[in-house]
Amino acid sequence: MSKSALGSHKTGILSEFARYKTMSDDISSEEEILELTQYIRKGIDELSSGKKLSAEARSEKISTLSDKLSRLRSAYQSFKLEITDLPRDRRAVYEQVLVLFENLNVS
């Protein structure tokens, strides 16, 4: 699958997940996962943008992102556990999102 196709596939799954999320409040960690993922992605983009940061600011940014990544891994593990508590008919969308997160190497 090409990068652009993979990107649109991820976007489609996340859109479906967001739509389903508005109908259900089955799992508490998915919102945190999405927020952390967005925060980390934005931070990485800022670091790689070529924007000049002092060594101290860059180090602090990396440390913060590392902490957020650790929290993301923890939330991901909670997400996996919470899925097992759902009735089978509600798991499908969450399992697709779980595969998406696994493809992003969150675990």
Side-chain angles (χ1 to χ4, degrees):
M1 186 178 284
S2 71
K3 271 191 167 182
S4 62
L6 184 59
S8 64
H9 178 67
K10 289 176 187 176
T11 302
I13 291 172
L14 287 176
S15 296
E16 179 66 18
F17 175 65
R19 186 177 68 75
Y20 188 78
K21 173 62 182 138
T22 61
M23 298 184 295
S24 169
D25 211 10
D26 294 323
I27 294 183
S28 60
S29 57
E30 80 278 355
E31 216 171 283
E32 182 179 16
I33 290 171
L34 293 172
E35 289 171 3
L36 287 166
T37 301
Q38 290 170 348
Y39 183 92
I40 292 167
R41 180 172 293 151
K42 182 180 174 189
I44 290 171
D45 288 347
E46 289 172 3
L47 287 171
S48 61
S49 70
K51 181 180 169 184
K52 296 291 183 184
L53 295 173
S54 68
E56 185 177 327
R58 186 172 190 79
S59 177
E60 186 172 322
K61 184 75 162 178
I62 291 170
S63 177
T64 300
L65 290 174
S66 179
D67 291 344
K68 296 289 185 182
L69 187 57
S70 292
R71 180 62 200 130
L72 177 59
R73 284 187 182 112
S74 177
Y76 171 77
Q77 293 302 321
S78 294
F79 182 80
K80 285 175 39 176
L81 184 62
E82 290 175 50
I83 286 175
T84 63
D85 292 336
L86 292 175
R88 279 210 182 285
D89 62 326
R90 291 189 169 166
R91 288 185 196 171
V93 171
Y94 291 107
E95 287 174 346
Q96 287 180 346
V97 172
L98 185 62
V99 168
L100 173 65
F101 288 141
E102 288 170 355
N103 290 336
L104 294 173
N105 295 316
V106 170
S107 56

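Along the sequence shown, residues carry numbers from 1.
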Within this structure, what is the [atom1]-[atom2] distance for the pair [X] and [Y], rounded to the nearest 0.5 Å?
X	Y	atom1	atom2	answer
Lys61	Leu65	NZ	CG	5.5 Å
Ile62	Asp67	CD1	CG	12.0 Å
Arg58	Lys52	CZ	NZ	9.0 Å

Tell me, do [X] and [Y] make a side-chain contact under 4.5 Å, heavy atoms counted?
X	Y	value
Leu69	Arg73	yes
Arg41	Gln38	no
Leu36	Tyr76	no

Linked, directly or transitively: Leu81 and Leu72 (ILVMFWY side chains, under 4.5 Å) =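 Each belongs to a different hydrophobic cluster.
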
For Ser74, all residues meeting side-chain hydrogen bond (donor to acceptor under 3.5 Å, both in side chains), sequence neighbours excluded |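 Ser74 satisfies side-chain hydrogen bond (donor to acceptor under 3.5 Å, both in side chains) with Arg71 only.
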
For Lys68, all residues meeting side-chain hydrogen bond (donor to acceptor under 3.5 Å, both in side chains), sequence neighbours excluded = none

Can you see which heavy atom on Glu32 is nearest to which on Ala75, and at what distance?
->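 Looking at all heavy atoms of both residues, the closest pair is OE1-CB, 3.9 Å.
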
Looking only at heavy atoms, what is the nearest atom pair of Ile83 and Glu95, with distance?
->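 Of all heavy-atom pairs spanning Ile83 and Glu95, the closest is CG2-CG, 4.2 Å.
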
Decide if atom CD of Glu60 counts as having more than 12 heavy atoms of other residues, nucleotides or ligands within a radius under 6.0 Å.
->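 No, the 6.0 Å shell around CD holds no more than 12 heavy atoms from other groups.
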
Heavy-atom donor-acceptor pair, Thr37 side chain to Ile33 backbone, under 3.5 Å | yes

